[in-house]
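Since the structure comes first, as C-alpha cells, the remarks are kept for the end.
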Amino acid sequence: MLKGKALKFGDNISTDHIIPGRYAHLRSNLRELAKHVLEDADPTFASRVKKGGIIVAGNNFGLGSSREHAPLVIKMAGVSAILAKSVARIFFRNAINLGLPVLICDTDKIDDGDELKIELKKGMVKDTTNGNELTFGKMPDIMLRILNQGGLIPYIQKYGDFKL
Amino acid sequence: MGKTLAEKILSRKSGSDARCGDIVIAQVDLVFAQDTTGPLTVRQFRAGNAKRLANPKKTALFLDHAAPSPKREVSNDHQLLRQFAQKTGCLIYDVGGGICHQIVAESLAKPGDVIVGADSHTVTAGGLGAFATGMGSSDVAVIFALGKSWFRVPETIKIALSGKFGRRVGAKDLVLRLIGDIGADGATYKALEFGGDGLASLNMSDRFTVANMAVEAGAKAGLFPADKVTRHYLNSQKRGDGYQPLSADSDAVYENTISINLASLEPLVAKPHTVDNVATARSLKGTKIQQVFIGTCTNGRMEDLAIAAAILKGKMRHPQTRLIIGPASPQVLLSAISAGYIRTLVEAGGVILPPGCGACLGLHQGVLAEGETCLSTANRNFKGRMGSPQAFIYLSSPATAAASAITGEITDPREVS
Ligand code: SF4
C-alpha cells in the first residue's frame, strides 16, 4: 500500500514543465536536475514534496518529450505515485519502466493536500480526508509485470527477454 | 477484415496477426538516441549488464540538440556518446551532422520499417510509411540490446484529405488545424493515418511536417502510405531500392475519420502555451515579436527555406525582430547555398545556425529573455521551452514566420508581396 499527501496539478503538465530543456545540460547530474522538478508549473513543488507525496493531475499529464528524466526526477523527489485523468503515452511507459506507478482515475474528487492511500492490487485509491473511494483503470499485463519488478531493466535482467 | 497501416506493419514485424488493442513483440529496424536522451540510454544499457548491441548498423546516436556544445556538461555527455559509439560500432552523427529525424528521413528510414527513437518526434519518419515512434531511455536501451520491443497496436484515426493548398498555405497549417480541432490529447495512444485524394499534392517535406507533429495530438504514430511521391523521394536520395508500395486495406477499420479540405485552410498560429491553442494568423495581427526562428525537424528543410527566401528576397527583417535560420541537415544547408537561399536570408538580416536543433529547446542559439515573444516554425510552444518561462512562443509555417519577420508582428503571409 502507498500512502501520501496529494500534490495537485491541472491539465497538460508537459515534460518542459517537469524538467525544462534549458536544464538539459544537467541531465547527467541528476541530483542538481531534480532541484528543478516541476518548477515551471509550481515553483514551491521541490520544497513541498515530502517522501511519499502523490502527484494528482488532470488530463494529459507528461505530454511532450520522451525524456525519461521527467519521471526520474519526480521519483527522486520522493513522489510514490502519479494519479491523473489521462497521461501521455511516452511518459506513461517511462514511469512504469522506472517502477513509478501511474494510475488513471477521476482526480476531480481529490483536493490538494488530501491524505491518500493507494492499494495497487485492488485497483483502489482512498481519500482519507474526504472519505471518497476511487477505482483506477487496469494497465496491460506486461506493464504490470514490469512495474512489479521495479522497472524495465530489472524485468529484463530477470527474464532476459519480453514475456507476453 | 482489412488492416490499417499500423496493423499491417506491426503484423509483419511481429510475425503475428496484429489487431488494434493487441500487445505484440516486434523487431525494430532502426533504433536511436540523441545527445539529451542518449547518456541515460547508455547508462541504462550498462545497468542491465548488456555487453553488445543487437544490430550495430541499425543503431544510431545523434549529437544534434546542443551542438556544437554550449556547456562543459554537454561536452561530457557528447564525449560519453562518442566513446560508446566507438566501442560498440553503432552509427554516430557528430556535431553539425543534422537533426536526428531529418537524417533518419534522408538516409535511414524505409516504408514498412519499425523505428524507435529516444525522442518524441521520431514519428517524423511516418511520412514515408515507417511505423516510427518515440520511447524513453530504458525502452531504447533494451532495444539496443535485444533489437525488439513490445508495442500495443494502436487504434487508428483516419484523416481524409481532399483539395489543394491555397497560396502561402501549407502542411504546417494543415497539422495545426488538425491539432486545434482534436486537441493536444485527441489521439493519445492512437495512430493518425493520412489518406484521400488530397495526399498526392503533399510532397515529402509536407508529409514529414505533418507526421512530425502527430505526437502533439498525443499520437503514437503519424502514418502516410508509400506511393509515387515516396518512391520519387527515395530515388532522389539514391535509396530507391528501399522503396516498397504500402497502403492500408480498403476495408481497414478506423476508430473514426476526419475529413479536411486543403483548399479551406488558411495560415494558422498556435498561441502560448499549448499547441492546440490555435488561431488564424490574421486574428493575431499586431502581436509584436522579438525573434523569428525558422528551422527544426518540423520546418527546417529545403522546401521551407525556399518559401522563406521567396518572401524575404530583397526585404529586410524588422529592426526589432531577430531572424534565426536553422537548416535541419548538411544536405539542406548545401542545397540552400546552391540555390542562393542562404544569401537571400543573410541579406534579409538572418543569422544561419549550424545544422541541428538550434533554438528549439532553449539550451543555446536563441534563448528567449523574460517577456519576449518568438514566432517559431517548431512543433512545441510549452512554457519555458525556449528559455525564460516568462517568454511566449507562437508556432507557424515558414511562410507566416518569414512574413512576420519583415513586419515585426504576427502577419498573414498572404498580406505581404
Ligand atoms: S528540432 Fe526541436 S523538436 Fe526537433 S528533435 Fe530537435 S529539439 Fe526536438
Side-chain angles (χ1 to χ4, degrees), chain A residues 11-17 19-30 32 36 39-41 43 59-61 63-72 85-99 140-143 146 151-157 160-164, chain B residues 23-25 35-37 39-41 43-44 47-49 65-66 70-74 76-77 80 117-120 122 133-142 145-146 148-150 152 183-185 188-189 215-216 218-220 273-274 360-363 367 380 382-387 389:
Chain A
D11 294 339
N12 288 318
I13 297 297
S14 77
T15 51
D16 277 305
H17 286 107
I19 216 68
R22 64 178 180 275
Y23 297 125
H25 62 289
L26 296 176
R27 287 190 192 180
S28 288
N29 184 352
L30 290 170
E32 227 10 72
H36 302 287
E39 76 177 19
D40 285 355
N59 278 309
N60 210 15
F61 188 81
L63 76 154
S65 122
S66 67
R67 58 191 76 147
E68 195 167 312
H69 310 76
L72 188 55
K85 286 195 227 169
S86 68
V87 178
R89 188 198 127 250
I90 306 177
F91 183 90
F92 188 27
R93 209 166 151 137
N94 281 346
I96 302 300
N97 283 346
L98 293 171
D141 285 347
I142 188 162
M143 287 185 111
I146 291 169
L152 181 64
I153 300 301
Y155 168 93
I156 291 290
Q157 279 192 297
D161 202 341
F162 295 104
K163 292 265 174 300
L164 283 189
Chain B
I23 305 272
V24 298
I25 293 167
D35 48 348
T36 72
T37 57
L40 185 58
T41 305
R43 291 194 179 98
Q44 293 296 68
N49 289 320
H65 277 58
K71 285 192 160 84
R72 204 169 46 181
E73 294 90 335
V74 175
N76 289 335
D77 283 347
L80 176 105
D119 191 286
S120 58
T122 302
T133 195
M135 292 189 192
S137 292
S138 295
D139 273 316
V140 166
V142 170
L146 302 181
K148 58 185 168 182
S149 192
W150 71 273
R152 183 181 175 281
D185 58 355
T188 300
Y189 305 121
V215 68
E216 306 315 328
K220 179 169 185 162
H273 297 288
T274 56
C360 188
L361 82 162
L363 203 50
V367 176
R380 279 194 185 133
F382 301 155
K383 191 176 170 191
R385 180 167 175 94
M386 290 182 73

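So that the names make sense, note that chain A is the first sequence line, chain B the second, and so on, each numbered from 1.
- Expressed to the nearest 0.5 Å, how far OG1 of T274(B) lies from CG of L63(A) amounts to 8.5 Å.
- In this structure, D77(B) CG and R27(A) CZ are separated by 9.5 Å, a value rounded to the nearest 0.5 Å.
- Considering every non-hydrogen atom in both T37(B) and H69(A), the closest pair reads CA-CE1, 4.4 Å.
- For R380(B) (side chain) and G64(A) (main-chain N/O), a donor-acceptor pair under 3.5 Å exists by modelled atom type.
- Contact annotation: the side chain of V142(B) never approaches that of Y155(A) to less than 4.5 Å [non-hydrogen atoms, C-beta and beyond].
- Using a 4.5 Å cut-off between heavy atoms, K71(B) touches chain A through its side chain atoms alone.
- One distance of note links CD1 of I13(A) with CZ of F382(B); it measures 11.0 Å at 0.5 Å rounding.
- Per-residue heavy-atom pair counts under 4.5 Å with chain B were compared for T15(A), N12(A), D161(A), and the maximum is reached by D161(A).
- In this structure, R89(A) contributes its side chain and G134(B) its backbone to a donor-acceptor pair below 3.5 Å.
- Proximity to chain A involves both the backbone and the side chain of I23(B), based on heavy atoms less than 4.5 angstrom apart.
- For the pair N94(A) (side chain) and G136(B) (backbone), a donor-acceptor distance under 3.5 Å is present.
- When heavy atoms are compared at a cutoff of 4.5 Å, A184(B) approaches chain A by way of both its backbone and its side chain.
- Both the backbone and the side chain of S149(B) come within contact range of chain A, with heavy atoms under 4.5 Å apart.
- With sequence neighbours excluded, the residues satisfying salt bridge (charged side-chain N to carboxylate O under 4.0 Å, His left out) with D141(A) are K138(A).
- Remark: D185(B) engages N59(A), N60(A), S86(A), T188(B) in a side chain to side chain contact (heavy atoms under 4.5 Å, CB included) (not counting sequence neighbours).
- Within the 4.5 angstrom heavy-atom criterion, no atom of R72(B) approaches chain A.
- Only one option out of I156(A), N97(A), L98(A), L152(A) pairs with Q44(B) in a side-chain contact (heavy atoms from CB on, under 4.5 Å); it is L98(A).
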